[in-house]
Undergrad: 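Starting off with a structure, shown below.
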2 protein chains.
Amino acid sequence: MIDERKQRILRAVIEDYISTGEPVGSRTIARKHGFNVSPATIRNEMADLEELGFLEQPHTSAGRVPSDLGYRYYVDHFVRAVPADHRLWQFMRDRLALRAREIGAAVRAAARMLSEASNFLALVSGPHLESARIDALRIVPVGGQRALFVVVTDTGIVENRLLELGQPLNPAEVERINRLFEERVCGQTMGRAALAVMKDLAMELRQYGDLVEQTLEVLDRPAADGEERLVVGGATNILRQPEFRDIDKAQMLLGSLEQEETVLELLGEPQPRTRARVVIGHEIRVAEMQDCSLVTASYRIGGDSWGQVGVLGPRRMDYAKIISLVEAVARALSESLPRR
Amino acid sequence: MIDERKQRILRAVIEDYISTGEPVGSRTIARKHGFNVSPATIRNEMADLEELGFLEQPHTSAGRVPSDLGYRYYVDHFVRAVPADHRLWQFMRDRLALRAREIGAAVRAAARMLSEASNFLALVSGPHLESARIDALRIVPVGGQRALFVVVTDTGIVENRLLELGQPLNPAEVERINRLFEERVCGQTMGRAALAVMKDLAMELRQYGDLVEQTLEVLDRPAADGEERLVVGGATNILRQPEFRDIDKAQMLLGSLEQEETVLELLGEPQPRTRARVVIGHEIRVAEMQDCSLVTASYRIGGDSWGQVGVLGPRRMDYAKIISLVEAVARALSESLPRR
DNA sequence: GGCTAGCACTCGCACGCCCAGAGTGCTAAC
DNA sequence: GTTAGCACTCTGGGCGTGCGAGTGCTAGCC
């Protein structure tokens, strides 16, 4: 589609623009990148590339700037993720392992690391628990009329809720309920499966209506009000980007990040693969973010629960670096969290 | 110290400045605020007020602007918190009550409400658990070699941790440990008291060294890695303030808010009183925040655990409104969280 | 046919300039 | 003590200008 030399020029323009942030002119390309042709020739090629949609001009007589299409071509053809520096990777994994007991803490730490290492904005979504397997689920009476309802999954996550019982429960009853839970619910996945089984149980345990009611609630929306579902790190980094010197733009962007729903949707469904996904400019379907790019990857926890990590930065980012960073953090997170 | 008329003028200047954001001149005061004297007279008075340190001039031949001292005088003498609108208050309390089961969720909701209602930045610190009373504390075996360690306090907060045991525990051992916990630790407060008792127990339970070790850790830093200790809401509101059109200033400020330690210190020790505390400009001991004011109040949960809510905005804020808002949210939070 | 030198042209940006407007402080008179 | 008058100061915006970077085009060269 575009010949060898055009490719080299496109690449040179993009890499120059990424490192300087200034529109790049034909002189620069001819001089700095070892082309043995004159600026005029480069100009002709650049005019072609512009016509093809890979480059843009902010205004006549400025240099060229990559378009979304240009970046896309660049990412697809020239960027191969370098595996992250091994020492860095170990460092991250170890630091995450320290908080692995508490998923929320690990997720927050990941967001922090990601934003600090990238100098951009980090997004990490908590794991989807729908397919986490229930390892244990139990009622523990806690004085008087209260009982603690706990769920332990293979992800190590513990959902719990203090139940207010209408009546006190005697040990035999507790025993019976717990046995039922153990026999019927353990081994199921958190989502619909457990809910269905639980609804059956509700019949048999009719006399404890309120109790069962409340346990159903917990299973129905795991982590809905306990752990947060989304962590944003280093939001202020955005303000360092020249493309956001415009306060209003920055405010719009940061504002839209406060809409959890939007961002979760943006991060997309976790996908069982290790490679990062790159979304560029207008490919992001959120108006405020259209001069950003987003790099995401999935992490896995337990048997089959997935979450997403991502970096949101200016389109003008070092894709190779960010991609490997994001992949590394996703992997570190997966490996440091409880295995099964 | 300053006479009646000077007071009126000071007040007029501040209120005018608060509502317009522009330095206010003698004409404006004389005209808008029903003084029956000429601008020249006002000018003389304003010169005095400046000499006394209550007003400042951004530059010769601009109007006057209140100094920190001026705001301080204003807040101490002229601002009395209007009790918040009753309907709003009820609305807030009810909305908080919905999340009261999970303290973290309630705290996040409070931060959100506070930032939305004030249009400034909201800070809410999680409750200090040091003086929460332990209602129950127990080990629950969870399959194989794992056990769940749970702590329930009078605040309703449940600390828990999945313990990896070196060896499996038989029911009798579990029984014994739990009885010891119940007899010795329940009723203590979370902080030093419980820790001391627990250390004694450590001797008696020497053979389960690892287990006791881990429980000590949990008690030692309650909520340290589970719930977050600080929630920031509406950070972007800051960008709407004219005093932060300067990106670099805004970035410094938002950056310093990411230092949890700093902010927690700033919020200060919760104090058992319902009135708000106002900290103005340089009274805030954080360089980046010196053209802000901070209004904080304490909320209470359980018997004796306190946390702080606060609003950080430009010095030029409507103090009466913000003070009553902050007090209202603190009260709503206290009343909607589990009583004992 | 592709490449290049030369050249006129186009912008954006920084700089300096100037002026209007707002507000002051001072003085002298009431 | 108050006020009118006046000279003075400072900011901010509007405007013109020159410079530099970079382009597109044309004509000639290999």
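Predicted, not measured: the structure shown is a model, and the values here were computed from it.
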Undergrad: By nearest heavy atom, map B/Ser38 and A/Gln57 onto DNA chain D; which one lands nearer the 5' end?
TA: B/Ser38
Undergrad: Verify the contact: side-chain N or O of A/Thr60 to OP1 or OP2 of C/dC11, cut-off strictly under 4.0 Å; return yes or no.
TA: yes
Undergrad: Look only at the side chain of A/Glu327 and the backbone of A/Arg275, and say whether a donor-acceptor pair between them is shorter than 3.5 Å.
TA: no
Undergrad: Taking any atom under 4.0 angstrom from a heavy atom of chain B, which nucleotides of DNA chain D are the first and last to qualify, 5' to 3'?
TA: D/dT2 to D/dT11
Undergrad: Counting N and O atoms only, with roles assigned by atom type, does the side chain of B/Ser26 sit under 3.5 Å from a partner on the main chain of B/Ala40, one being a donor and the other an acceptor?
TA: no
Undergrad: Ion pair present between A/Asp76 and A/Arg72, side-chain N to carboxylate O less than 4.0 angstrom?
TA: yes
Undergrad: Can you find a donor-acceptor pair, distance only, under 3.5 Å between A/Ser61 side chain and C/dT10 base?
TA: yes
Undergrad: Return yes if some donor-acceptor pair links the side-chain N/O of A/Ser125 with the main-chain N/O of A/Gln308 below 3.5 Å, else return no.
TA: yes
Undergrad: When you measure from the centre of the six-membered ring of A/Phe35, is the NZ or CZ of A/Arg8 under 6.0 Å away and within 45° of the axis?
TA: yes
Undergrad: Step through the shown structure and confirm whether more than 12 heavy atoms of other residues, nucleotides or ligands are within 6.0 Å of CZ on A/Arg112.
TA: no
Undergrad: Has the side chain of A/Thr28 got a donor or acceptor atom that lies under 3.5 Å from a matching backbone atom of A/Val24?
TA: no
Undergrad: Under a 4.0 Å heavy-atom cut-off, which of residues 39-47 of chain A touch DNA chain D?
TA: A/Arg43, A/Met46
Undergrad: State whether A/Arg5 places a side-chain N or O below 4.0 Å from either non-bridging phosphate oxygen (OP1 or OP2) of C/dC3.
TA: yes
Undergrad: With side-chain hydrogen bond (donor to acceptor under 3.5 Å, both in side chains) as the criterion, how do B/Glu56 and B/Ser67 come out once you've worked through the C-alpha distance, each side chain's angles and the decisive distance to 0.1 Å?
TA: CA-CA 6 Å; B/Glu56 288 170 351; B/Ser67 67; 4.8 Å; no
